[in-house]
Amino acid sequence: MDEEIHERVRDTIKSIPRGRVATYGDVADISKAPSPRLVGRILQEDGHDLPWQRVLKADGTCAPHLRDEQLQLLREEGVMSLDGKVNLREYRWEEARKEEPPGLF
DNA sequence: TACTTGACCGTAA
DNA sequence: ATTACGGCCAAGT
């Protein structure tokens, strides 16, 4: 059922290491969720006990209503942001990186 | 049943 | 930088 997706998404987010971040798309991809939007919705409903601050949008920004608190939490674990944006090339979770489509280059 | 909304993504102008 | 559009999937109205 989609309950399984729900748990896989939570599980994936729980496994993001401290000091690293992943995008909604990464989490959706790794947890085999059908779309990134579902990840956002699961976080809204069941994300209170997860390291939700490590999940960012694809361009390295946060959801608008969380921006300040999220950036502060990230800063406490060593993730620096510039003008409200995190440099994904520096902080993106390695497990998420390998989900990128092969055959480039 | 149909339409709207959301912690989204990618592309285009 | 911003807006707009299509795609995505589940929940709310």
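Numbers restart at 1 for each chain; the letters A, B, ... are given by sequence-line order, proteins then strands. FYI, side chains are in, hydrogens and waters are out, and symmetry mates aren't considered; it's all heavy atoms of this structure. Bear in mind the structure is a predicted one, so any value in this text is a computation, not a measurement.
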Item checked: Same-atom distance (P) from C/dG6 to B/dA7, integer angstrom ->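 Straight-line distance between the two P atoms is 22 Å.
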Exercise for the section: Mind listing the closest non-hydrogen atom pair of A/K57 and A/T23 along with its distance? Expected result: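 Residues A/K57 and A/T23, closest heavy atoms: O-CG2, 3.7 Å.
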field: Selection: residues 37-59 of chain A, any non-hydrogen atom under 4.0 Å of DNA chain C
entry: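 Here the set is A/R37, A/L38, A/R41.
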Answer yes or no: is there a donor N or O on one side and an acceptor on the other, between the side chain of A/R8 and the main chain of A/A28, under 3.5 Å?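 Pair absent, no side-chain N/O of A/R8 close to backbone of A/A28.
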Next on the checklist: Between A/Q70 (side chain only) and A/V55 (backbone N and O only), is there a donor and an acceptor less than 3.5 Å apart?
Outcome noted: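 Side chain of A/Q70 to backbone of A/V55, a donor-acceptor pair under 3.5 Å: yes, one is there.
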Given atom [atom1] of [X] and atom [atom2] of [N], what is their separation to the nearest angstrom?
X	N	atom1	atom2	answer
A/D29	C/dC9	CG	C1'	16 Å
A/Y24	C/dG7	OH	C1'	18 Å
A/I5	C/dA11	CD1	C1'	15 Å
A/L88	B/dC9	CG	P	10 Å
A/R10	B/dA7	CZ	P	18 Å
A/I16	B/dA7	CD1	P	18 Å

Closer than 4.0 angstrom, basic N to acidic O: yes or no for A/E94 and A/R20?
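Judged by the 4.0 Å cut-off on N to carboxylate O distance, A/E94 and A/R20 do form a salt bridge.
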Nearest listed nucleotide, side chain of A/S35, among B/dA7, C/dC8, B/dC9: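 Looking only at side-chain atoms, A/S35 lies closest to C/dC8.
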task = Mind checking the CG-CD1 spacing from A/D11 to A/I30? Nearest 0.5 Å is all I need.
result =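 Taking CG in A/D11 and CD1 in A/I30, the distance rounds to 11.5 Å.
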- Query: With sequence neighbours left out, what residues match A/D68 under side-chain hydrogen bond (donor to acceptor under 3.5 Å, both in side chains)?
  - Reply: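 Partners of A/D68 under the side-chain hydrogen bond (donor to acceptor under 3.5 Å, both in side chains) test: none.
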